[in-house]
Amino acid sequence: MTFDADDHRWMARALRLAARGLTTTTPNPRVGCLLVREGKVVGEGWHERAGEPHAEVHALRAAGDAAAGATAYVTLEPCNHHGRTPPCVDALLAARVGRVVAAMEDPDPRTAGQGASRLRAAGVPVDTGLMEAQARELNTGFVSRLTRGRPWLRVKIAATLDGRTGLPNGASQWITGPDARRDGHRWRARSCVVMTGIGTLKDDDPRLTVRDIPSERQPVRVVVDSRLRIPVDARILDGGRVIVASAREDAAKTAALADRGAEVWHLPDAEGKVDLPALARQLAAHQFNEVLAEAGINLHSALLAAGVVDELLVYLAPKLLGASSRGMLQLPGFEKVDEAVQLEITDLRRFGPDLRILARPVPRQTV
């Protein structure tokens, strides 16, 4: 299918609408819809919250009778199943839209291709694949959870130009400036989960809440704590859902944490540590799409070694702390340069004096 300039223009607008739900739609995908008739927008909408109307329904309500014969530009294939709301395919057919353009197929097996097939069977032309890459980027976590059985996991690191994250005594506030820290809170706000390790918790006693920007919700906090050493008076337990992933069973400590509103997941591996791939699967089973890890060298390195890191979110400050300071990651020794972990930089921009790098591990090629 060849899409024209107008198709691209309208789908770009639908994607901008979808992005308005960046921090609110979890566990549902971020979806936007635009209804265009005779070159004019007659209705638009986006999915705002789980359990509320989908983007297509909002757009159809705004369009009213003008939806008949219109082209619906939607960033995700319209759903064809009953969930908390009725199928969007039913609403589009009832409104007698003339054409549907979907950016991508829905990875949810309850819809995957079925929504488009049903529309076509009813005589409505459906074209898919327009700006698919952008639509997938908007929903990396949703796609990951449904296709791989684990969330999209980002590791956030603030470091100096020589790759140091803190002084030898652990002091690290503040390496980056306020603009970079505010951007970090935007990533927290869009994440379903913010994860940290017991080392960071004991050193800094963080809350890991969204504070520097407006946010309608707070992410769930997850503490990876193999030996269940989390203090019951830790600030992270002061409100909101907290999950402690541990390898140790301790009924008394578990009960004490439950009194503070926290739940304990027992996920030991063969070495008596938290089984990180199992934790990722468990988070997906609880419908968490995106996880932001804000921890220290130990947990970040363990996540990378476990193969569950999808993206590095690195802020670099124009400072030097020296070789005796704490590093970013602890990797195994390599004998050859081509054994290094390869990264693809997908975005590079500046926040105040600091640089932000988004990079993704490149899968190793197998022979």
Side-chain angles (χ1 to χ4, degrees), residues 1-22 24-25 28-48 52-83 85-144 146-147 289:
M1 173 63 193
T2 301
F3 298 102
D4 63 22
D6 283 338
D7 288 330
H8 282 83
R9 176 162 61 103
W10 299 131
M11 185 60 78
R13 182 162 168 176
L15 286 164
R16 290 194 295 272
L17 288 168
R20 295 186 184 183
L22 192 67
T24 59
T25 64
N28 289 355
R30 299 136 181 165
V31 183
C33 180
L34 201 69
L35 290 168
V36 179
R37 181 175 172 178
E38 298 177 355
K40 295 181 180 180
V41 175
V42 295
E44 63 181 28
W46 67 95
H47 182 46
E48 299 176 23
E52 297 185 5
H54 290 186
E56 297 93 322
V57 174
H58 282 299
L60 290 169
R61 287 176 179 173
D65 292 342
T71 296
Y73 293 90
V74 59
T75 59
L76 185 70
E77 176 187 6
C79 67
N80 188 42
H81 62 272
H82 281 272
T85 58
C88 290
V89 168
D90 288 354
L92 291 166
L93 291 174
R96 296 180 293 113
V97 298
R99 176 192 179 209
V100 174
V101 180
M104 62 177 285
E105 183 179 285
D106 191 339
D108 190 327
R110 296 174 298 177
T111 290
Q114 299 175 43
S117 294
R118 186 164 165 232
L119 287 164
R120 291 187 182 113
V124 179
V126 180
D127 301 310
T128 60
L130 175 60
M131 305 182 77
E132 180 175 0
Q134 293 91 323
R136 284 185 172 272
E137 279 298 310
L138 196 59
N139 285 300
T140 51
F142 179 75
V143 173
S144 176
L146 289 170
T147 61
N289 293 334

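The first residue in the sequence is number 1, and the count goes up from there. On a predicted model such as this, the values are computed, not experimentally measured, just so you know.
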So [Y] and [X], do their side chains get closer than 4.5 Å, heavy atoms only?
{"X": "Gln134", "Y": "Met11", "answer": "no"}
{"X": "Val97", "Y": "Leu60", "answer": "yes"}
{"X": "Leu15", "Y": "Tyr73", "answer": "no"}
{"X": "Glu52", "Y": "Thr25", "answer": "no"}

Minimum heavy-atom separation for [X] to [Y], with atom names?
{"X": "Trp46", "Y": "His58", "result": "O-CD2, 3.2 Å"}
{"X": "Asn28", "Y": "Asn289", "result": "O-ND2, 4.0 Å"}
{"X": "Leu34", "Y": "Leu17", "result": "CD1-CD1, 4.0 Å"}
{"X": "Pro78", "Y": "Val89", "result": "O-CG2, 3.9 Å"}
{"X": "Ala18", "Y": "Gly32", "result": "CB-N, 3.2 Å"}
{"X": "Ala102", "Y": "Leu76", "result": "CB-C, 4.4 Å"}

From [X] [atom1] over to [Y] [atom2], what is the distance, rounded to the nearest 0.5 angstrom?
{"X": "Arg9", "Y": "Asp7", "atom1": "CZ", "atom2": "CG", "answer": "10.0 Å"}
{"X": "Trp10", "Y": "Met131", "atom1": "CH2", "atom2": "CE", "answer": "13.5 Å"}
{"X": "Cys88", "Y": "Asn80", "atom1": "SG", "atom2": "CG", "answer": "10.0 Å"}
{"X": "Thr2", "Y": "Asp127", "atom1": "OG1", "atom2": "CG", "answer": "10.0 Å"}

Review point. More than 12 non-hydrogen atoms from neighbouring residues, nucleotides or ligands closer than 6.0 Å to CZ on Arg96, yes or no?
Key: no

Practice item. Step through the shown structure and confirm whether more than 12 heavy atoms of other residues, nucleotides or ligands are within 6.0 Å of CG on Asp65. Key: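 Open: at most 12 neighbouring heavy atoms sit under 6.0 Å from CG of Asp65.
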
Checking the side chain of [X] only, and the main-chain atoms of [Y] only, is there a donor and an acceptor separated by less than 3.5 Å?
{"X": "Thr24", "Y": "Glu48", "result": "yes"}
{"X": "Glu77", "Y": "Glu105", "result": "no"}
{"X": "Arg30", "Y": "Leu22", "result": "yes"}
{"X": "Thr147", "Y": "Val143", "result": "yes"}
{"X": "Thr75", "Y": "Ala14", "result": "no"}
{"X": "Gln114", "Y": "Pro109", "result": "yes"}
{"X": "Arg37", "Y": "Ala66", "result": "yes"}

Practice item. Mind telling me whether His47 and His54 have parallel, tilted or perpendicular rings, with 30° and 60° as the class edges? Key: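 Perpendicular: the ring planes of His54 and His47 meet at over 60°.
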
**Study point:** CA sep, side-chain torsions, deciding dist, call: Arg118, Asp90, side chain to side chain contact (heavy atoms under 4.5 Å, CB included)
**Key:** CA-CA 10 Å; Arg118 186 164 165 232; Asp90 288 354; 2.6 Å; yes

